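Lettering follows sequence order; numbering is per chain, from 1. Because the structure is predicted, anything quoted here is derived from the model rather than measured.
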Amino acid sequence: MEAFTKNVIKIIQHIPSGYVMTYGQIAKVAGKPRGARQVVRILHSMSGKYELPWHRVINIKGEIVIQDDEGAYTQKALLESEGICFRGNKVLNLEKYRYKPDADFLEKELQSF
DNA sequence: CGTCTGACGTGGT
DNA sequence: TACCACGCCAGAC
């Protein structure tokens, strides 16, 4: 498996309850500043094979953008249960809930390439 | 091979 | 704030 893919999985698993990250932010931290769409792809292919808090990943506007209605409802419910408030499908105070991995984690857990 | 497609992001209006 | 056009890039076909 590619280093980038491993990094993405580790980063998502590292997001604490009650926090979120954006697709682009994860891609950047994992080593591909323009890899947001790859993060999307990885989520699609891996969400069933690993224990991933996929619901904590949203777009840069703070919106839930899942196509499937039931999936979107599930994601919103999970985030609300962790204390995050919404207006429609949009997270309020995205910057307040945005998780920023610390340098120590990045250095020890992620593969550089 | 070329083309199309996204659970995206940025910049312009 | 909202919408649009465009850049992006790996898979599917």
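- From A:His14, atom NE2 reaches atom OH of A:Tyr19 across 12.5 Å, with rounding to the nearest 0.5 Å.
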| query | Can you list the steps and then say if A:Leu43 with A:Tyr23 is a side-chain contact (heavy atoms from CB on, under 4.5 Å)? | reply | CA-CA 10 Å; A:Leu43 245 45; A:Tyr23 301 96; 3.9 Å; yes
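- Under the 4.5 Å side-chain heavy-atom criterion for grouping Ile, Leu, Val, Met, Phe, Trp and Tyr, A:Val8 is connected to A:Leu106 within one hydrophobic cluster.
- Between A:Ile66 atom CD1 and B:dG6 atom C1' the separation is 14 Å, expressed in whole Å.
- At a threshold of 4.5 Å between side-chain heavy atoms, the hydrophobic network of Ile, Leu, Val, Met, Phe, Trp and Tyr places A:Ile26 and A:Val20 in two separate groups.
- B:dA7 is unpaired under the criterion used here, namely a Watson-Crick or G-U wobble arrangement in which both key atom distances are under 3.5 Å.
- The side chain of A:Thr22 contributes no N or O atom lying less than 4.0 Å from OP1 or OP2 of B:dC8.
- Straight-line distance between the C1' atoms of B:dA7 and C:dC13: roughly 22 Å, to the nearest whole Å.
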| remark: Under a 4.0 Å heavy-atom criterion, the protein footprint on nucleotides 8-13 of chain C, written with B, S and -, is BBSS--
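- A:Asn7 places no side-chain N or O within 3.5 Å of a backbone atom of A:Val29 that could act as its donor or acceptor partner.
- Going from atom CD of A:Glu2 over to atom CD1 of A:Ile42 covers 7.5 Å, rounded to the nearest 0.5 Å.
- In this structure, A:Lys61 and A:Gln67 both approach DNA chain B, and ranking their closest nucleotides by distance from the 5' end singles out A:Gln67.
- Across all strands shown, A:Leu43 has heavy atoms under 4.0 Å from base atoms, whether or not it also approaches the sugar-phosphate.
- With hydrogens and angles disregarded, a donor-acceptor distance shorter than 3.5 Å links the side chain of A:Gln75 to the backbone of A:Val57.
- Following rounding to the nearest Å, A:Ile26 (CD1) and B:dA7 (P) show an atom-to-atom distance of 15 Å.
- Less than 4.0 Å separates DNA chain C from no heavy atom of any residue of residues 88-96 of chain A.
- If you chain together hydrophobic residues whose side chains sit under 4.5 Å apart, A:Tyr97 and A:Phe86 fall into the same group.
- Pairs of residues two or more places apart, or lying in two chains, never qualify as salt bridge (Lys or Arg N to Asp or Glu O under 4.0 Å) while including a residue from residues 31-45 of chain A.
- Between the P atom of C:dC3 and the CG atom of A:Asn59 lies a distance of 14 Å, rounded to the nearest Å.
- The distance between atom CD of A:Glu63 and atom C1' of B:dG6, rounded to the nearest whole Å, is 16 Å.
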